Amino acid sequence: PLFKSAAASASTETIKRRFDFAQVGSPVVRRFDGDDEQRWFMWYAGRQHAKLNLYDPDSESDRLALDSSRIGLAVSTNGLDWERHDGACYGESVLDVNHGDWWTFDTS
C-alpha cells in the first residue's frame, strides 16, 4: 500500500468507498520544522470509481467520475513513510468538491 492508514483495520468495503480508492496523483509535499521534531505533509488528489460516486451510487460504469476528485493528506516524520490522514469530508478526504459557484472564489 502507498499509505499506512490511521484506521489500519478498515474493511475492504470501507477502503473501496474512500475518495482515493481508484487513483492518486499530483502530490505537493512540504516540510515543517518544530522545536523538537520535523514533519512532512503531503496533499494529493484522489479519485474513486464512478459506481461509488456521490450522485449515482447505482452506476455500473467503471470510468472515474469527475465529481469523485478530492484532496487528501498524508503525514510523515521522515519523508519516506506516510500515514494517511482520515479527513472529515466525503470519502475521508480533507477537501471536498465545491458545489457552489466556482467563479466566486478569490474575486473582487
Side-chain angles (χ1 to χ4, degrees):
L2 181 59
F3 307 117
K4 288 189 279 182
S5 177
S9 62
S11 71
T12 301
E13 191 59 33
T14 299
I15 291 169
K16 286 182 179 180
R17 294 207 175 273
R18 288 184 177 153
F19 81 100
D20 57 358
F21 173 72
Q23 185 181 58
V24 296
S26 303
V28 173
V29 178
R30 297 286 185 255
R31 184 185 78 196
F32 296 95
D33 293 320
D35 290 338
D36 56 350
E37 71 178 356
Q38 180 179 96
R39 283 199 162 169
W40 299 73
F41 288 77
M42 176 173 52
W43 292 268
Y44 64 95
R47 284 188 172 178
Q48 69 181 162
H49 285 288
K51 61 184 168 185
L52 297 176
N53 92 39
L54 183 62
Y55 303 107
D56 191 7
D58 298 323
S59 172
E60 294 299 323
S61 173
D62 286 333
R63 294 182 314 161
L64 297 175
L66 291 177
D67 66 350
S68 72
S69 289
R70 288 169 171 76
I71 303 297
L73 173 66
V75 180
S76 174
T77 57
N78 62 12
L80 299 173
D81 302 308
W82 296 92
E83 183 169 325
R84 184 182 178 283
H85 175 76
D86 294 333
C89 298
Y90 177 79
E92 298 180 356
S93 63
V94 295
L95 265 174
D96 211 340
V97 175
N98 177 9
H99 295 289
D101 298 329
W102 64 267
W103 57 84
T104 60
F105 176 74
D106 200 18
T107 59
S108 56

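Quick caveat, the model's predicted, so the values are computed rather than measured.
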## Note on the structure
Here the pair of heavy atoms bringing Val94 nearest to Cys89 is O-SG, 3.7 Å
Donor-acceptor contacts under 3.5 Å from residues 24-37 side chains, at least two apart:
residue : atom : partner : partner atom : Å
Arg31   : NH2  : Asp33   : OD2          : 3.4
Asp33   : OD1  : Gln38   : NE2          : 3.3

### Query
In terms of side-chain geometry, is the basic nitrogen of Asp20 or Arg70 positioned less than 4.0 Å from the acidic oxygen of its partner?
no
### Task
Specify the closest pair of heavy atoms between Asp81 and Ser76, including all atoms of both residues, with the distance to one decimal.
O-OG, 2.7 Å
### Query
What about Ile71 and Phe21, same hydrophobic cluster or not, with Ile/Leu/Val/Met/Phe/Trp/Tyr joined at side-chain heavy-atom distances under 4.5 Å?
no
#### Entry: Spatial distance of atom CG (Leu73) from atom CD (Glu83) [nearest 0.5 Å]
10.5 Å
#### Entry: Test item: Trp82 and Met42 side chains (from C-beta on) under 4.5 Å apart, heavy atoms
yes
### Task
Measure the OG-NE2 distance between Ser93 and His85 for me, rounded to the nearest 0.5 Å.
10.0 Å
